[in-house]
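A short worksheet on the structure shown next.
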Amino acid sequence: MQYYVGIDVGTSSVRGALVDQNGKVVVQTEQPIQIWEPQPDYYEQSSADIWAACCAVSKKIVQSVDLSHIRGVGFDATCSLVVLDEKFEPLAVNAEGVNNRNIIMWMDHRAVDQVDRINQTKHCVLRYVGGVMSPEMQPPKLLWLKEKLRSICWEKAGHFFDLPDFLSWKATGATTRSLCTLVCKWTYSAQTGWDDGFWKQIGLEDLTVNNHSKIGNHVLSPGSRVGNGLTSVTAQELGLPKGIAVAASLIDAHAGGLGVIGADARGSKLPCENMPITSRLALICGTSSCHMGISKSPIFVPGVWGPYFSAMVPDLWLNEGGQSATGKLMDHVVKSHAAFPELESNAKASGKNVYMYLNCHLESIKKCSAVGMLTVDLHVWPDFHGNRSPLADPTLKGMVTGLALTNSLDDLAKLYLATVQAIALGTRHILETMQNAGHQINTLFMCGGLSKNLLFVQMHSDISGMPIVLAEEVESVLVGAAVLGAYASGDFKSIQEAMEKMGKIGKIIHPDLAQKRYYDNKYKVFLKLADHQKEYRAIMQNI
């Protein structure tokens with residue numbers, strides 16, 4: 001049996017898995033990583049802390065097998081910005097000059113002013129990010145560093161990496177970048193490379209010097225073998241033999257897509273059976289959610305990132321919708337409620353986590369109606385951290401209508417349910433926008449931490465009206481990372497072959513069509529909430 005190591009750097013932890021050639025997770029482990037929030041909307045991490053966690057999880061998972069049977073390593077990570085000096089040492093991304101905090105996290109929104117100015121240029125590269133760039137992408141963050149930290153950071157910087165590329169560099173010593181990261185977050189084109197005119201127009205022409213050495217000039221497709229494999233130093237740090245194949249990396253959501261979207265659907269009786277892979281949408285749900293749709297030809301979707309060529313599946317175009325806060329929003333709503341201490345105590349006494357307890361509590365109070373109907377008068381607009389897709393407006397705020405003068409556990413459960421429904425309604429909004437632009441999607445393939453919450457899954461199925469496929473292996477992101485390592489090792493002829501053989505269909509959730517009219521009406525209210533917020537903003541501007 002051959003094995004592959006998949007390492008996933010998420011928002012708050014690093015996870016590692018040993019995956020066999022059939023896609024079975026043999027062993028996995030997890031290590032927390034630090035997050036600093038020096039002020040609202042500023043989020044920072046440490047590349048040294050993250051690499052140490054990668055080494056720790058790798059050493060743990062490889063102890064159970066003969067190392068000679070481990071054939072490849074694949075990394076995925078959040079699309080956070082790593083800054084190093086010319087000697088590849090960490091460089092501060094903060095005014096305090098703390099070099100250990102050298103990563104601007106993916107969810108950091110410090111560069112809102114910079115992204116507004118970039119969007120005002122209406123440069124042609126913006127066409128490939130849905131027409132509007134997000135503050136979560138790298139150009140606005142780079143511009144912020146130049147304008148706000150010129151002397152302590154910008155002028156000393158030697159290398160800017162997307163976090164997935166930092167990991168493959170750390171493992172191999174090669175400054176190779178992945179097509180996934182550069183195309184999705186940096187405006188690179190798979191066909192034409194960097195557009196120097198864009199960097200000059202936004203005031204970052206210094207990134208074009210020395211053949212773009214600071215941002216990358218050697219680019220490989222995801223899964224391609226990087227350099228000469230693990231160096232002797234990193235092999236020892238990871239507990240693996242020198243020279244093992246290391247794959248060009250993926251953004252974490254894209255790894256989840258890779259791990260689930262290519263599974264063999266024969267005999268499943270799903271709408272996507274005997275249909276091309278373009279009939280599927282991968283929905284990766286964790287701290288945030290990403291919606292991955294692929295097509296044979298480029299489809300331009302307003303407010304949805306892409307189309308990106310070969311950014312996830314080779315030779316196919318990718319559109320990426322997203323919600324900036326989903327799991328994070330659910331945590332915020334639940335933990336900030338007055339009844340949370342009671343919930344936490346009850347959940348602990350019952351041996352359940354708080355979300356399992358809430359799901360059971362909702363079942364106990366629903367009476368004769370379906371659970372979803374408990375929120376007939378309670379509606380949430382979920383963009384507490386701005387709207388990534390399809391409105392592409394980072395200034396939008398969250399909204400709740402239908403609150404009463406009570407703070408009981410029942411109230412908390414209903415507000416939690418309304419929040420889950422709002423997230424699912426946001427997915428429907430993204431799906432409809434993609435369908436209207438030309439995508440032909442009929443089945444959702446879901447993975448990520450929130451896919452373990454069956455209420456969350458069922459609400460997405462009911463509200464979208466589509467079946468949802470869960471992977472046989474719950475940890476699809478880790479399987480996706482391992483798929484990269486499997487292809488880099490040469491054991492599979494293509495990424496597609498590795499996807500099909502290592503990704504397998506598990507449980508299938510079907511929509512409750514009896515609830516269609518109810519959710520159609522909830523969706524009408526959902527859309528009106530956004531319209532009303534814009535109206536309120538316009539009224540208050542006339543002061």
Side-chain angles (χ1 to χ4, degrees), residues 9-13 33 35-37 39-45 77-80 104-112 115 130 132-137 140-141 185 251-253 256 283-292 303-305 320-337 340 354-355 358 379-401 412 415-431 433 446-453 455-457 459-460 463 477 526 529-530 533:
V9 180
T11 298
S12 58
S13 69
I33 51 178
I35 299 173
W36 288 270
E37 187 181 357
Q39 55 184 289
D41 288 337
Y42 284 52
Y43 298 94
E44 297 168 6
Q45 287 183 312
T78 63
C79 49
S80 300
I104 299 179
M105 289 184 69
W106 66 269
M107 60 185 180
D108 187 289
H109 279 198
R110 69 182 67 185
V112 170
V115 83
V132 181
M133 185 172 283
S134 163
E136 294 173 12
M137 292 182 173
K141 292 174 180 174
K185 306 300 174 186
I251 297 166
D252 55 349
L283 181 51
I284 301 90
C285 308
T287 304
S288 61
S289 290
C290 293
H291 308 69
M292 307 290 193
V304 172
W305 297 343
E320 181 187 348
Q323 295 161 292
S324 294
T326 49
K328 188 174 179 66
L329 174 62
M330 289 161 59
D331 283 347
H332 171 77
V333 168
V334 170
K335 292 179 180 178
S336 62
H337 197 278
F340 178 68
V354 292
Y355 294 108
L358 282 171
H379 309 282
V380 173
W381 179 261
D383 291 327
F384 286 48
H385 197 52
N387 183 281
R388 187 188 298 172
S389 307
L391 302 180
D393 185 351
T395 68
L396 283 176
K397 308 295 183 187
M399 301 170 72
V400 182
T401 176
L412 169 51
L415 184 59
Y416 155 70
L417 173 61
T419 303
V420 170
Q421 290 171 333
I423 292 167
L425 289 162
T427 288
R428 176 169 169 173
H429 196 193
I430 292 167
L431 262 173
T433 305
M446 184 184 285
C447 66
L450 293 180
S451 68
K452 301 171 189 175
N453 183 329
L455 176 76
F456 184 90
V457 178
M459 288 297 107
H460 274 75
I463 287 169
V477 177
F526 179 81
L529 287 173
Q533 182 172 160

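Bear in mind that the values here come from a model prediction, so they are computed numbers and not experimental data.
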Check for a donor-acceptor pair, side chain of Ser288 on one end and backbone N or O of Thr326 on the other, with a separation under 3.5 Å. no

In Å and rounded to the nearest 0.5 Å, what is the NE2 to CH2 distance from His291 to Trp305? 12.0 Å

Distance (rounded to the nearest 0.5 Å) between Met105 CE and Thr287 OG1: 8.0 Å

Minimal non-hydrogen separation, Pro382 against Ala422, with atom names: CG-O, 3.7 Å

Side-chain contact, heavy-atom cut-off 4.5 Å: Met107 with Ser324? no

Do any N or O atoms from the side chain of Gln45 and from the backbone of Thr11 form a donor-acceptor pair under 3.5 angstrom? yes

Under the side-chain contact (heavy atoms from CB on, under 4.5 Å) rule, what do Ile423 and Met330 come out as? Steps first, then yes or no, please. CA-CA 9 Å; Ile423 292 167; Met330 289 161 59; 3.9 Å; yes

Mind checking whether Phe526 and Trp381 have ring centres under 6.0 Å apart? yes

OG (Ser289) and CE (Met446) are apart, to the nearest 0.5 Å, by 7.5 Å

Provide the closest heavy-atom pair for Val9 versus Asp252 in the form atom of the first, atom of the second, distance. O-OD2, 4.3 Å

Check whether the side chains of His109 and Glu136 place a donor and an acceptor atom closer than 3.5 Å, and report yes or no. yes

Taking all non-hydrogen atoms of both residues into account, name the closest pair between Leu529 and Met399 and its distance. O-SD, 3.3 Å

His460 side chain vs Phe456 backbone, donor-acceptor pair below 3.5 Å: yes

Test log, rule side-chain contact (heavy atoms from CB on, under 4.5 Å), inputs Gln421 and Val380: CA-CA 8 Å; Gln421 290 171 333; Val380 173; over 6 Å; no

Using 30° and 60° as the class boundaries, would you call the ring planes of His332 and Phe384 parallel, tilted or perpendicular? perpendicular

Out of curiosity, Leu391 CG to Ile430 CD1, how far, rounded to the nearest 0.5 Å? 9.0 Å

After noting the C-alpha distance and the side-chain angles of Arg388 and Cys290, does the key distance pass the side-chain contact (heavy atoms from CB on, under 4.5 Å) rule? CA-CA 10 Å; Arg388 187 188 298 172; Cys290 293; 3.7 Å; yes

Nearest heavy-atom pair of Ser389 and Gly321: which atoms, and what distance? OG-CA, 3.5 Å

Apply side-chain contact (heavy atoms from CB on, under 4.5 Å) to Trp106 and Ile251, showing your working. CA-CA 11 Å; Trp106 66 269; Ile251 297 166; over 6 Å; no

Please report the interatomic distance CG(Leu455) to CG(Leu450), rounded to the nearest 0.5 Å. 11.0 Å

Any side-chain to backbone donor/acceptor pair from Gln533 onto Lys397? Under 3.5 Å, distance only. yes

Atom OG of Ser134 and atom NZ of Lys185: how far apart are they, to the nearest 0.5 Å? 7.5 Å

Heavy-atom pair of closest approach, residues Tyr42 and Asp108: CA-OD2, 3.1 Å

Heavy atoms only: give me the nearest Asn387-Ala392 pair and the separation to one decimal. OD1-N, 3.2 Å

Set of residues satisfying salt bridge (Lys or Arg N to Asp or Glu O under 4.0 Å) with respect to Lys141, sequence neighbours excluded: none

